[in-house]
Amino acid sequence: MRVRSRVSEQTEQQNDEVVLDAQEAAAEIHRLEQQRRENREAVRGLGFNPYGQRADGLMTLAQAHDAYDEAADTENKDTTQAHKQAKRDNPDLPDADLPPVVDARPIVRVAGRVVLSRDNGKLVWLNLRDHTSDSFQIAISKRDCDENGFQLAKLLDNGDLVIAQGPLTKTKTGEVTCWASTLEPASKCLVPPPEKRLGLQDPDMRYRQRYVDMWSNPDTTRTLLLRSKLMSAMRRHLERHDFVEVETPVLQTQAGGAAARPFFTHMNALHLDLSLRIAPELYLKRLLVGGMPRVFEVSRNFRNEGLDKSHNPEFTSLEVYQAYGNYETMLELTEGLIRELAQIAASEQGISSNAMPFGELLIDYEQPFERITYSELFEKALGFSVGDMEKVRGACEARGFKTKSEDGTAIADIFLINELFEEVAEPMIDPARPTFVLDYPASLSPLTRPKPGTEQDPVPLADRWDLFIGGMEIGPAYTELNDPDVQAQKFREQLAGVDDEESTFRSFDEDFVNALKVGMPPAGGLGLGMDRIVMLLGNQRTIRDVLPFPMMKPLASAAGQQDAPQGETDE
RNA sequence: GGGGGAGUAGCUCAAUGGUAGAGCAACGGCCUUUUAAGCCGCAGGUUCAGGGUUCGAAUCCCUGCUCCCCUACCA
């Protein structure tokens, strides 16, 4: 008992502190929030818990809208009219002898956020929003709603969550409306909402406070839901093709599988410096060695590089590996997958034509994707072949590209070729036409199998393609390299010539080479930027718009609370 | 990294060196078929922060912070 009383004393003391803190804080609470707090207390005064409770039997707002029954509503209106008329004509007759009111209107129970309200005195109109409907009308009349519900309607603020129940009817202007018989609070919105018509406009606030953006701009929620549907459809598509989903390490002692600067972290228990993965590739291939024939991973990758409208430091790629496939297998899979996702995105967004809008473009995913080789595209754009080094150098110089590095040594031919390709040839790809660019130069693709028969060509090729849609690189696929000696050689080449800084995150993955020595089946491998696919199919301009919570620099006030950076930062 | 633009009431925006305003939201009042409800009334400001020029600064100058656009870098 003594213990308990001490505990309760302590609790009381703590409560006092909480009250004091709350009072202190109240001094700084904005007047608009204060008014909402007062409304919340008034709701409590009606006997409600302003934060609601479990509600069963809810319909979505769209379901409620569709549940409207024209015949029942008409019958109810007609019989009500007849009843009233008869009562006027025979005021002395008991109700039982008058023509009865027939009410077979469906009764719905719905929940949503108040986005509009109009108080007509004894009749209050609310418009609710949920993920299925931007606006569904509720009427709360003094005559037909219970008293507490009617009083509640008067105390609501825009942004509050409520639960309404009542029959469906149509107003004079033909709008399906729930004519509430009860109204309950579900949660209080203490934060003043954005402008009711325009929603939250400031892009910075939209990304920082997605929860506000989402309810005030319903398109945001629709895009994020579309993302979910596309991810789910992608999994189903791959599973239909006998691929299995796997999960491989995010924390890696050496980040491999791509050339990118990783993020670093530290594991206390093993005193181990680790990096976050930049790609799952090397682990997925190990699974092929072990005997999994068809694997995929939806991989969150982390790259310590710049941000722009198609780059976020963490992003989602789909990586797929198929034993006994090659890059053509991956091409067929990719085209089928993206076409199916486009069909789903079109039907989700009510687009009936083949052409999906993306900004100014209309992109057709139905007709076969364009295919062109790297050399063909190069020659088409530049007018000479990739192997014609004299003209390559000339063209680079004519365009003012660097042909020598800082120390005066000539830049390797292949980098000049690729510079021209990226600057001149890639922009010639029709952005409205999904296009596979096939057969890249082998020296640009260290983890790719060289294309047989081109080893002695001026520019040896690799079994690799890249898919371009809407001016964005969506992802590459390869016939994977499975010769351990060639792989080891490529690792060594990659390490040679990197500076000290890069060498801190490039390394020779001995264990991976060992895995190849055990024997990896020939395989096709694929990587697709899922964020970019959602951008394309959801017609969103930036990667931030398809991420629920894109990377944002902390505000100055928040940054001050964070630990100082451990080491030197860049630059 | 370079160039350009922006930051004003809770939100969306005006005010180009001379009294900081509007619409929406809020608050008080009236209203039982409104729907961007309406009518009457009332209130709301560290003009991003700090410094400077000026009799006088939201406005001009400097520094810093944040965002947007273009550009550059980036497998």
Side-chain angles (χ1 to χ4, degrees), chain A residues 29-36 38-39 77 114-128 134-145 150 153-154 156-159 169-177 179 189-209 212-213 216-217 256-261 278-279 281 301 303-313 315 317 415 418 422-423 440-441 443-448 464 466 473 475-476 478 494 502 506 527 529 541-542 544 552-560 570-571:
Chain A
I29 289 175
H30 192 274
R31 63 192 162 82
L32 293 175
E33 178 174 337
Q34 193 52 45
Q35 283 162 0
R36 284 166 177 260
E38 284 159 16
N39 285 341
K77 280 172 179 157
V114 177
V115 291
L116 279 175
S117 62
R118 298 173 293 286
D119 184 348
N120 287 17
K122 297 195 178 68
L123 177 63
V124 180
W125 302 91
L126 299 179
N127 287 78
L128 303 189
D134 293 354
S135 183
F136 178 79
Q137 182 164 272
I138 314 286
I140 300 98
S141 83
K142 188 164 174 57
R143 190 197 310 125
D144 298 312
C145 188
F150 179 72
K154 298 240 163 212
L156 290 174
D157 290 305
N158 282 351
T169 184
K170 262 188 186 174
T171 61
K172 278 179 184 168
T173 50
E175 179 159 352
V176 173
T177 299
W179 202 269
C189 178
L190 292 174
V191 180
E195 218 275 349
K196 68 182 181 184
R197 277 178 287 164
L198 302 169
L200 187 58
Q201 295 289 305
D202 179 21
D204 190 52
M205 290 279 280
R206 289 186 52 209
Y207 300 128
R208 288 185 194 281
Q209 299 192 19
V212 176
D213 179 34
S216 79
N217 299 316
R261 300 164 65 85
I278 55 175
E281 170 164 351
N301 299 327
R303 297 189 181 178
N304 208 338
E305 294 169 351
L307 295 76
D308 64 26
K309 55 175 175 284
S310 60
H311 293 82
N312 194 66
F315 65 98
S317 74
F415 292 120
N418 202 45
E422 289 183 357
E423 294 300 318
Y440 276 63
S443 37
L444 295 173
S445 310
L447 300 182
T448 311
R464 164 187 172 177
D466 243 311
E473 184 188 355
Y478 312 89
Q494 261 196 323
E502 275 193 60
R506 295 261 172 92
R541 210 170 45 84
T542 77
R544 287 180 159 187
M552 298 296 286
K553 194 170 180 174
L555 295 172
S557 57
D570 293 345
E571 277 76 43

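The sequence lines fix the lettering, A, B, ..., with proteins before strands; numbering per chain opens at 1.
- In the set U32(B), C24(B), U33(B), the nucleotide with an atom closest to the side chain of Thr171(A) is U33(B).
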| note | Reading nucleotides 68-75 of chain B from 5' to 3' and marking B where a protein heavy atom lies under 4.0 Å of the base, S where only the sugar-phosphate is that close, and - otherwise, the string is SSS--BBB
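- Look at C67(B): its Watson-Crick or wobble partner, with both distances under 3.5 angstrom, is G5(B).
- Interatomic distance, Asn312(A) CG to Glu305(A) CD, rounded to the nearest 0.5 Å: 12.0 Å.
- Side chain of Gln209(A) to backbone of Val212(A): no donor-acceptor contact under 3.5 angstrom is found.
- Counting atom types as modelled, Asn120(A) pairs a side-chain N or O with a base atom of A37(B) as donor and acceptor under 3.5 Å.
- Within 4.0 Å (heavy atoms only), Asp202(A) reaches sugar-phosphate atoms of the nucleic acid but no base atom.
- For the OP1/OP2 pair of U34(B) and a distance below 4.0 Å, the side-chain nitrogens and oxygens of Lys170(A) include no atom meeting the criterion.
- For Arg118(A), a side-chain nitrogen or oxygen approaches OP1 or OP2 of A37(B) to under 4.0 Å.
- At least one side-chain nitrogen or oxygen of Lys196(A) sits closer than 4.0 Å to the OP1 or OP2 atom of A25(B).
- Taking the side chain of Arg31(A) as heavy atoms from C-beta on, and the options U32(B), U34(B), G44(B), the nearest nucleotide is G44(B).
- Contact check, Asn39(A) against C27(B): a side-chain N or O comes under 4.0 Å of OP1 or OP2.
- With both pairing distances under 3.5 Å, A57(B) is matched to nothing as a Watson-Crick or G-U wobble pair.
- Distances shorter than 4.0 Å separate none of the side-chain N or O atoms of Lys172(A) from OP1 or OP2 on U33(B).
- Closest approach to the Leu32(A) side chain among A25(B), U33(B), C11(B) is made by A25(B) (side chain taken as heavy atoms from C-beta onward).
- Between the side chain of Gln137(A) and the base of U34(B), a donor-acceptor pair under 3.5 Å is found.
- Looking at the side chain of Arg197(A), the nearest of the listed nucleotides U32(B), A36(B), U12(B) is A36(B).
- Rounded to the nearest Å, the gap between the P atom of C65(B) and that of A9(B) is 22 Å.
- Base contact: Glu175(A) has a heavy atom under 4.0 Å from a base atom.
- At a threshold of 4.5 Å between non-hydrogen side-chain atoms, the residues Arg118(A) and Asn127(A) count as touching.
- Looking only at side-chain heavy atoms (C-beta outward), Arg303(A) and His311(A) stay at 4.5 Å or farther from each other.
- With P as the reference atom, G2(B) and U46(B) are 34 Å apart, rounded to whole Å.
- C42(B) and G28(B) have their P atoms separated by 15 Å, given to the nearest Å.
- Nearest nucleotide to the side chain of Glu195(A), out of G23(B), U32(B), U34(B): G23(B).
- Comparing G29(B) with A43(B), their C1' atoms sit 15 Å apart, to the nearest whole Å.
- Here U66(B) is the nucleotide among A36(B), U33(B), U66(B) with the atom lying nearest to any side-chain atom of Arg208(A).
- Proximity of Leu128(A) to Val114(A): side-chain heavy atoms (C-beta onward) are separated by under 4.5 Å at one or more points.
- Taking a pair to require two hydrogen-bonding distances under 3.5 Å in either a Watson-Crick or a G-U wobble arrangement, U47(B) remains unpaired.
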